[in-house]
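Values below: every heavy atom of this structure, side chains too, minus hydrogens, waters and symmetry copies.
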Amino acid sequence: MDVVSEGGTPWIRNAWYVACAADEIGASPLGRTICGEKMVFFRSSEGAVSALEDFCPHRGAPLSLGFVRDGALVCGYHGLATDCRGKVSDMPGQRVGGFPAIRSYPIIERYGFVWVWPGDADAADPAKLHHLEWAESPQWAYGGGYYHIACDYRLMVDNLMDLTHETYVHASSIGQKEIDEAPVKTRATPEEVVTSRFMDAIVAPPFWQMALRGAGLPDDGLVDRWQICRFTLPSHVMIEVGVALEGRGGYDAEDAAKASSIVVDFITPETETSHHYFWGMARRFAIADAALTDTIREGQGRIFGEDLEMLERQQANLSRYPDRKLLKLNIDAGGVRSRMMIERAIAAEQPGAEAQDIDTAEMVEL
């Protein structure tokens, strides 16, 4: 396992993380732990989202067990009310105006998600939130879901940056032997780590046969398939995936000859051995077909459910044998480089740290 930074945590703090889907916050407050911080999310009377530490300053009860009244968060223990900035606003029969405010966290609601900044509030910059074209363009359709997974968030990054496991973990849906046989290319820039694999003239696996039918294309011929995994800080992975009719240009084929998508993976640390996983697929074919969106979501949910079991059992083994050294192969290059990027960013947050250049040389083998 990686060495924890001097700051004591294996994650970046000054960054935007997905806290929840926007529709998870309704009339009741939502409690969630993000980067080791217990937070509570709620909406004001006008619908704006706020995030506070999940701690009532009266007796320490979780505010997430309370309720929202007139835009204020009311503790479910003794009725102390807190406004959207964390300032105590009222309590039945008591004078509480002098109570200190509890911590509030910067929030952005965008792209169908609520994003939170767990680090230095003064450093929170909305411009640092990644632009997601697929989330605001009418040329894309999206469907997704959420899993709570009991493993280090970096194990999920490893999983997504090396898709060789599909042959074995997802043999009945997206896996096939050609994934093992195709060469893997990995490169790193200061902004991202990219791992890519291209497979020409192969039979589409079951999931992609379904996608081809949804795109109005034949599912019984040979196809050219691609997987391009892109890691960006703090812990996001976007994977360009698809199949095109053989000989029509593969990744660069015109839309009418392919079924292409972006697998969306927002990985938010909870504790050192658990994380929140927001998954989905954005596609550019049959975008008006709501039934296809549901079918893809169900299929993707089953696929990621297989990952969940494997990752949680992997974490249990690693926790049981913390001193065991793990082997590294060339297929691990994407995950290794992603972890290096995370480690550099964590180190840069330490007092007195100096920025380090990231080696942008292409890396094929460790």
Side-chain angles (χ1 to χ4, degrees), residues 5 7 9 11-25 32 34-37 39 41 43-44 46-53 84-86 103-140 142 144 153 157 160 187-194 228-240 262-269 275-280 282 337-358 360:
S5 71
T9 61
W11 46 69
I12 303 162
R13 296 184 57 79
N14 288 327
W16 293 108
Y17 290 95
V18 173
C20 59
D23 58 9
E24 288 187 80
I25 308 175
R32 188 152 282 173
I34 307 290
C35 295
E37 304 272 350
M39 304 179 187
F41 301 83
R43 293 189 182 276
S44 68
E46 293 75 32
V49 178
S50 295
L52 306 175
E53 59 178 319
C84 62
R85 299 164 297 175
R103 184 179 179 185
S104 63
Y105 297 88
I107 285 289
I108 295 176
E109 184 173 356
R110 191 176 299 169
Y111 306 133
F113 298 98
V114 173
W115 307 74
V116 66
W117 183 281
D120 179 5
D122 291 336
D125 182 358
K128 293 182 178 180
L129 183 65
H130 292 284
H131 175 67
L132 303 176
E133 178 187 1
W134 54 263
E136 57 184 11
S137 169
Q139 298 179 11
W140 292 82
Y142 177 81
Y153 79 103
V157 174
L160 295 166
R187 61 183 176 86
T189 73
E191 289 76 35
E192 64 179 2
V193 177
V194 183
I228 305 172
C229 310
R230 300 180 184 277
F231 170 83
T232 55
L233 295 176
S235 50
H236 309 325
V237 180
M238 301 289 130
I239 309 177
E240 295 181 69
I262 297 175
V263 177
V264 176
D265 307 282
F266 296 124
I267 308 157
T268 300
H275 69 272
H276 307 286
Y277 180 39
F278 302 89
W279 53 265
R337 298 295 288 222
S338 298
R339 286 190 181 226
M340 290 171 61
M341 185 177 286
I342 292 171
E343 290 296 324
R344 288 190 181 98
I346 293 172
E349 291 185 344
Q350 306 311 310
E354 296 182 0
Q356 298 181 7
D357 292 333
I358 294 177
T360 59

Novice: Got a donor-acceptor contact below 3.5 angstrom from the Trp11 side chain to the Pro234 backbone?
Specialist: no
Novice: Between Phe231 and Glu192, is any pair of side-chain heavy atoms under 4.5 Å apart?
Specialist: no
Novice: Does the Thr268 side chain pair with the main chain of Val18, one donor and one acceptor, at a distance under 3.5 Å?
Specialist: yes
Novice: In plain terms, say whether Arg43 and Glu109 are close enough for a salt bridge, that is, a side-chain N and a carboxylate O under 4.0 Å apart.
Specialist: yes
Novice: Ignoring hydrogens, what is the shortest heavy-atom contact between Leu233 and Ala345? Give both atom names and the distance.
Specialist: CD1-CB, 3.9 Å
Novice: Under a 4.5 Å cut-off applied to non-hydrogen side-chain atoms, are Glu191 and Thr232 in contact?
Specialist: no
Novice: Taking the side chain as C-beta and beyond, is there a heavy-atom pair between Met341 and Val193 under 4.5 Å?
Specialist: yes
Novice: For residues Ser235 and Pro269, determine if any side-chain heavy atom of one lies less than 4.5 Å from a side-chain heavy atom of the other.
Specialist: yes
Novice: Measuring from atom OG1 of Thr189 to atom CZ of Arg230, what distance do you get when rounded to the nearest 0.5 angstrom?
Specialist: 9.5 Å
Novice: Considering non-hydrogen atoms only, spot the tightest contact between Phe41 and Ile107 and give its length.
Specialist: CE2-CD1, 3.7 Å
Novice: Measure the shortest side-chain to side-chain distance between His236 and Asp265 over non-hydrogen atoms and say whether it is less than 4.5 angstrom.
Specialist: no
Novice: Of the non-hydrogen atoms in Asp125 and Trp16, which two are nearest, and what is the gap between them?
Specialist: O-NE1, 2.9 Å
Novice: Tell me whether the centres of the aromatic rings in Tyr17 and Trp115 are closer together than 6.0 Å.
Specialist: no
Novice: Flag the pair Ile239 / Leu160 as yes when at least one side-chain heavy-atom distance between them is below 4.5 Å, and no otherwise.
Specialist: yes
Novice: Identify the two heavy atoms, one from Ser338 and one from Val157, that lie closest to each other, and give their separation to 0.1 Å.
Specialist: CB-CG1, 3.8 Å
Novice: Between Tyr277 and His275, what is the ring plane arrangement, given parallel below 30°, perpendicular above 60°, and tilted in between?
Specialist: perpendicular
Novice: Ser44: what forms a side-chain hydrogen bond (donor to acceptor under 3.5 Å, both in side chains) with it, not counting sequence neighbours?
Specialist: Glu46
Novice: Contact between Val264 and Met238 at the side-chain level, heavy atoms closer than 4.5 Å - yes or no?
Specialist: yes
Novice: Between Gln350 and Ile346, is there a donor-acceptor pair closer than 3.5 Å when you use the side chain of the first and the backbone of the second?
Specialist: yes
Novice: Considering residues at least two apart in sequence or located in another chain, which fulfil the side-chain contact (heavy atoms from CB on, under 4.5 Å) criterion with Arg103?
Specialist: Arg13, Glu37, Glu53, Tyr105
Novice: Indicate yes or no: does Glu24 engage Arg32 in a salt bridge with an N to O separation below 4.0 Å.
Specialist: yes
Novice: Considering non-hydrogen atoms only, spot the tightest contact between Pro126 and Arg110 and give its length.
Specialist: O-NH1, 4.3 Å
Novice: Closest heavy-atom contact between Glu349 and Asn14?
Specialist: OE2-N, 2.8 Å
Novice: Does Trp134 reach the main-chain N or O of Ser137 with its side chain, forming a donor-acceptor pair under 3.5 Å?
Specialist: no
Novice: Less than 4.5 Å apart, any side-chain heavy atom of Arg339 and any of Arg337?
Specialist: no
Novice: Calculate, to the nearest 0.5 Å, the distance between atoms CG and OH belonging to Leu132 and Tyr111 respectively.
Specialist: 5.0 Å
